[in-house]
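Below is one structure; the comments refer to it alone.
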Protein chains: 4
Amino acid sequence: MTSSPAGRGRPRDERSGAAIMKAAGELLMENGYAGLSIGAVAARAGVGKDTVYRRWSGKPELVYEAVFTAADTADVPDTGVLEEDLAAVVQSLIDEFSAPPAAAALPGLLADFAATPELRATIRSRFLRPARERLVVVFDWAEQRGETGADLPVDLVLDTLAGAVFFHLGIVGERPGPDLAQRIARVAAKGIEAR
Amino acid sequence: MTSSPAGRGRPRDERSGAAIMKAAGELLMENGYAGLSIGAVAARAGVGKDTVYRRWSGKPELVYEAVFTAADTADVPDTGVLEEDLAAVVQSLIDEFSAPPAAAALPGLLADFAATPELRATIRSRFLRPARERLVVVFDWAEQRGETGADLPVDLVLDTLAGAVFFHLGIVGERPGPDLAQRIARVAAKGIEAR
Amino acid sequence: MTSSPAGRGRPRDERSGAAIMKAAGELLMENGYAGLSIGAVAARAGVGKDTVYRRWSGKPELVYEAVFTAADTADVPDTGVLEEDLAAVVQSLIDEFSAPPAAAALPGLLADFAATPELRATIRSRFLRPARERLVVVFDWAEQRGETGADLPVDLVLDTLAGAVFFHLGIVGERPGPDLAQRIARVAAKGIEAR
Amino acid sequence: MTSSPAGRGRPRDERSGAAIMKAAGELLMENGYAGLSIGAVAARAGVGKDTVYRRWSGKPELVYEAVFTAADTADVPDTGVLEEDLAAVVQSLIDEFSAPPAAAALPGLLADFAATPELRATIRSRFLRPARERLVVVFDWAEQRGETGADLPVDLVLDTLAGAVFFHLGIVGERPGPDLAQRIARVAAKGIEAR
DNA sequence: AAATAATCGAGACGGTACGTCAGGTCTTAAA
DNA sequence: TTTAAGACCTGACGTACCGTCTCGATTATTT
């Protein structure tokens with residue numbers, strides 16, 4: 001959210017922003033990403049359209065913030081086994097991508113981000129940073145245990161894991177079976193282990 | 001394409017359909033998926049809007065057909081090594097997804113498909129069938145060579161490979177390095193090989 | 001009204017145009033000129049805004065046509081007396097300006113016309129042409145009878161008569177007493193008669 | 001202008017009011033009446049919007065005061081001839097109506113006044129009082145000289161003179177030729193003279 | 001000196017209207 | 001029956017103003 005500039009003038013009412021976020025989440029689940037309009041969000045939030053545009057530059061930014069707010073700073077547990085550590089990382093991606101508003105928003109949201117150069121450059125940092133940080137940690141542990149070599153292609157693996165989850169859930173639309181994270185992690189762990 | 005209902009009346013002019021496909025591909029590369037409108041396609045093709053709607057039910061179907069027309073029936077070469085076979089499969093996905101009109105269309109197109117129940121069900125068959133057929137063959141060879149066990153999760157692996165390629169190219173927007181297929185295939189091959 | 005270009009395409013539905021005119025007249029009397037919006041006219045007419053903009057370039061043109069449609073081609077009667085002839089001309093101006101929708105529209109409408117160079121140039125021809133034609137005839141008769149000289153300043157007299165009626169009715173808002181035309185005509189007739 | 005309610009609190013800064021008047025006059029000439037917004041006036045004056053609304057109730061009142069401030073208390077000269085006296089009155093109307101900011105403001109301003117019942121009632125006193133006072137004096141002289149009878153319809157003549165000037169200059173937009181006042185006065189004088 | 005109160009610039013607030021554009025349907029005359 | 005053309009209704013877009021309100025700060029009068 002763009003922070004209010006300086007201390008001058010009437011400060012923004014936090015309740016407006018909160019009402020907008022709430023309305024956006026609801027409409028997202030009711031009508032999907034394509035069926036969500038800024039005007040409808042404003043109307044349901046009991047707010048003028050300007051009040052939305054003052055805070056967010058457009059639908060993608062608004063929906064991104066409405067959906068991906070969970071801080072998700074939990075540390076990945078050190079299980080001592082690469083495959084299990086990876087499973088935890090994949091599970092966090094699944095949790096992030098399959099929450100109801102996220103599932104409704106993701107394909108359209110990523111499409112809009114991908115279509116806009118400025119937004120496209122932010123996709124990794126916005127959607128994948130927590131997972132990437134965890135992955136770096138997990139890779140570090142695995143290297144110290146000798147399970148993997150150094151110089152693992154973090155971003156490529158991350159894209160693969162995220163792509164697998166996104167494609168499986170978001171596009172093809174399968175429900176996330178309870179062992180999905182484990183199955184993906186098993187292949188990935190074996191794939192990147194040293195010999 | 002919807003086939004012309006046989007029989008009476010003036011037959012459809014095949015040149016109209018071809019002009020529409022051509023115009024759609026051009027506009028896709030100029031303005032992207034979101035910036036393509038049926039009206040603009042019709043105008044550039046020198047055709048009435050009805051002539052478009054008579055053949056395709058809407059933008060997703062139209063763009064899908066304009067972009068994914070290549071038959072792509074080439075057999076995957078039997079290299080005798082799982083990793084190499086997989087690399088060929090991944091390369092075919094890369095080729096399919098990174099062709100200029102496809103790259104411009106894919107994120108938005110998949111989002112529209114995913115948002116429509118009837119279309120969502122057809123994603124695998126429309127975008128992944130050739131790759132899936134190749135993957136089945138490759139897995140069959142590998143099993144016969146003893147490199148892998150039976151009962152490999154074809155669809156999950158397919159989603160993973162496709163998701164990796166799509167996310168890496170379509171969303172994050174990296175150019176496909178010449179060794180991308182090989183790198184993905186290496187991890188995947190090791191991941192699914194029998195111990 | 002802009003006439004539909006050539007014979008190609010679907011012809012405009014005359015009922016739409018008529019419904020727009022009717023709605024505009026009603027809203028004008030209910031809310032006045034400033035309170036009339038194109039969107040409200042379209043909504044009441046059961047028509048899309050485009051259908052309005054396709055026919056009229058904006059509110060001034062729309063309201064002008066909605067209000068000043070009466071052909072008003074009646075000839076001015078030859079009474080044989082300048083003052084009486086002028087009274088008939090003035091009365092036609094009063095009738096034109098004091099009809100309920102016209103009275104509601106005139107001040108704002110003329111202001112918008114005056115503020116737009118292209119429209120400003122058309123004020124005389126749009127609002128005063130019938131009166132001017134009558135005035136020319138009346139002056140011609142008067143000259144032939146010897147009541148006046150030649151070279152009367154038609155436009156200045158016309159502006160004076162119209163200004164008097166407009167200012168008296170439209171701005172100051174007096175009801176048009178039954179002898180108003182006569183009173184204005186008396187002064188004007190005396191004013192322009194030859195000694 | 002609403003006078004500052006005496007007494008407590010910080011007194012109004014007279015420079016703010018002056019800056020607002022100045023900004024309003026400038027913007028009026030740059031953008032016309034319709035193109036003038038309170039927000040823009042406040043911004044150019046370096047003032048908050050409330051500082052404007054605290055002093056004036058809205059655009060019409062603000063513009064009226066910005067434009068029609070000239071006291072114009074000069075006495076009409078007694079020329080001894082009705083036509084010449086009238087010419088002076090008409091000339092004062094021309095001067096008032098054709099000053100650049102007034103010319104830009106008048107049609108829209110009068111339309112807004114006419115559209116608001118409370119304001120409409122004040123039009124004569126606001127815009128025509130000086131001219132009316134002069135006209136009464138001039139008629140008085142003329143009656144004493146025997147040029148006219150008593151009981152001249154002051155308001156009707158005034159509306160006619162003002163309407164003629166307003167319509168000729170403000171609406172139709174002619175530049176005021178140097179003899180305009182004389183030409184109008186000649187007709188009017190003859191029109192109201194006793195036989 | 002302290003309390004009270006109105007003003008100041010700034011700008012957020014909920015609304016309304018703007019004029020444009022796309023979607024998908026329908027209606028014409030011509031082929 | 002299809003064709004090109006284009007009108008049709010719906011509804012969203014992002015912007016501009018409206019007139020009100022809420023800030024912190026300032027400047028006066030009243031205790």
Side-chain angles (χ1 to χ4, degrees), chain A residues 4-13 15-17 34-40 42-43 45-55 57-59, chain B residues 4-13 15-16 34-40 42-43 45-55 57-59, chain C residues 4-13 15-17 35-40 42-43 45-55 57-59, chain D residues 4-13 15-16 35-40 42-43 45-55 57-59:
Chain A
S4 184
R8 308 231 282 191
R10 174 176 176 174
R12 292 185 183 166
D13 190 335
R15 291 169 307 181
S16 296
L36 177 145
S37 74
I38 302 271
V47 144
K49 281 200 291 180
D50 264 11
T51 300
V52 177
Y53 282 109
R54 208 175 285 123
R55 289 169 167 75
S57 63
K59 186 158 114 172
Chain B
S4 181
R8 314 221 289 185
R10 173 175 173 176
R12 290 188 183 166
D13 188 335
R15 291 168 307 181
S16 295
L36 176 147
S37 73
I38 302 273
V47 144
K49 284 202 289 179
D50 264 15
T51 302
V52 177
Y53 281 108
R54 210 173 282 122
R55 290 168 166 75
S57 63
K59 188 158 109 169
Chain C
S4 185
R8 307 231 283 191
R10 173 177 175 174
R12 292 188 183 164
D13 189 334
R15 290 168 307 180
S16 295
L36 176 146
S37 74
I38 302 271
V47 144
K49 281 200 290 180
D50 265 10
T51 300
V52 177
Y53 282 108
R54 206 175 286 121
R55 289 169 166 76
S57 62
K59 186 158 112 171
Chain D
S4 181
R8 315 225 290 187
R10 173 175 176 175
R12 290 186 183 165
D13 189 335
R15 291 169 305 180
S16 295
L36 176 145
S37 73
I38 301 274
V47 143
K49 284 202 290 178
D50 264 13
T51 301
V52 177
Y53 282 108
R54 211 174 282 124
R55 290 166 168 75
S57 64
K59 187 158 111 170

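All figures in this text were calculated on a predicted structure; none of them were measured in a lab. Naming: A, B, ... by sequence-line order, numbering from 1 per chain.
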So, for [X] and [Y], which heavy atoms are closest and what is the spacing to 0.1 Å?
| X | Y | result |
| --- | --- | --- |
| Arg12(C) | Arg54(C) | NH2-O, 3.4 Å |
| Leu36(D) | Lys59(D) | O-NZ, 2.9 Å |
| Ser16(A) | Arg55(A) | CB-NH2, 3.9 Å |
| Gly58(D) | Ile38(D) | C-CD1, 4.2 Å |

Would you indicate, yes or no, if [N] has its OP1 or OP2 atom less than 4.0 angstrom from a side-chain nitrogen or oxygen of [X]?
| X | N | answer |
| --- | --- | --- |
| Arg55(A) | dC13(E) | yes |
| Arg8(A) | dG24(F) | no |
| Thr51(A) | dG14(E) | yes |
| Arg10(D) | dA28(F) | no |

5'-most contact on DNA chain F: Ala40(A) or Gly48(B), nearest heavy atom basis?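 Counting from the 5' end, the first nearest nucleotide belongs to Gly48(B).
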Earlier contact from the 5' end, DNA chain F, for Ala42(B) and Gly35(D):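 Comparing both residues, the 5'-ward one is Ala42(B).
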Between atom CG in Asp13(D) and atom C1' in dA6(E), what is the gap in whole Å?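 Going from CG in Asp13(D) over to C1' in dA6(E) covers 13 Å.
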Expressed in angstrom and rounded to an integer, what is the separation of Arg54(A) atom CZ from dG15(E) atom P?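 The answer, rounded to whole Å, is 13 Å.
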Looking only at the side chain of [X] (C-beta and beyond, no hydrogens), which of the listed nucleotides [options] gets closest?
| X | options | value |
| --- | --- | --- |
| Asp50(C) | dC21(E), dT27(E), dA5(E) | dC21(E) |
| Arg12(B) | dA12(F), dG23(E), dT3(F) | dT3(F) |
| Ile38(C) | dC26(E), dT22(F), dC18(E) | dC18(E) |
| Tyr53(A) | dT15(F), dC13(E), dG9(E) | dT15(F) |
| Ser37(A) | dC13(F), dC8(F), dA12(E) | dC13(F) |
| Pro11(A) | dG23(E), dC13(E), dC23(F) | dC23(F) |

Touch check for Gly46(C), heavy atoms < 4.0 angstrom, all strands: base, sugar-phosphate only, or nothing?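 Here Gly46(C) touches the backbone only, sparing every base.
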Which sits closer to the 5' end of DNA chain E, Gly58(C) or Ala45(D), going by the nucleotide each is nearest to?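 On the 5' side of the pair lies Ala45(D).
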Could you check whether the side chain of Lys49(A) and the base of dG14(E) have a donor-acceptor pair of N or O atoms closer than 3.5 Å, going by distance alone?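 Checked by distance alone, the answer is no.
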List in chain and number order the residues that pass side chain to side chain donor-acceptor pair (under 3.5 Å) with Asp13(D), two or more places apart in sequence or in another chain; answer none if no residue qualifies.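 Partners of Asp13(D) under the side chain to side chain donor-acceptor pair (under 3.5 Å) test: Arg15(D).
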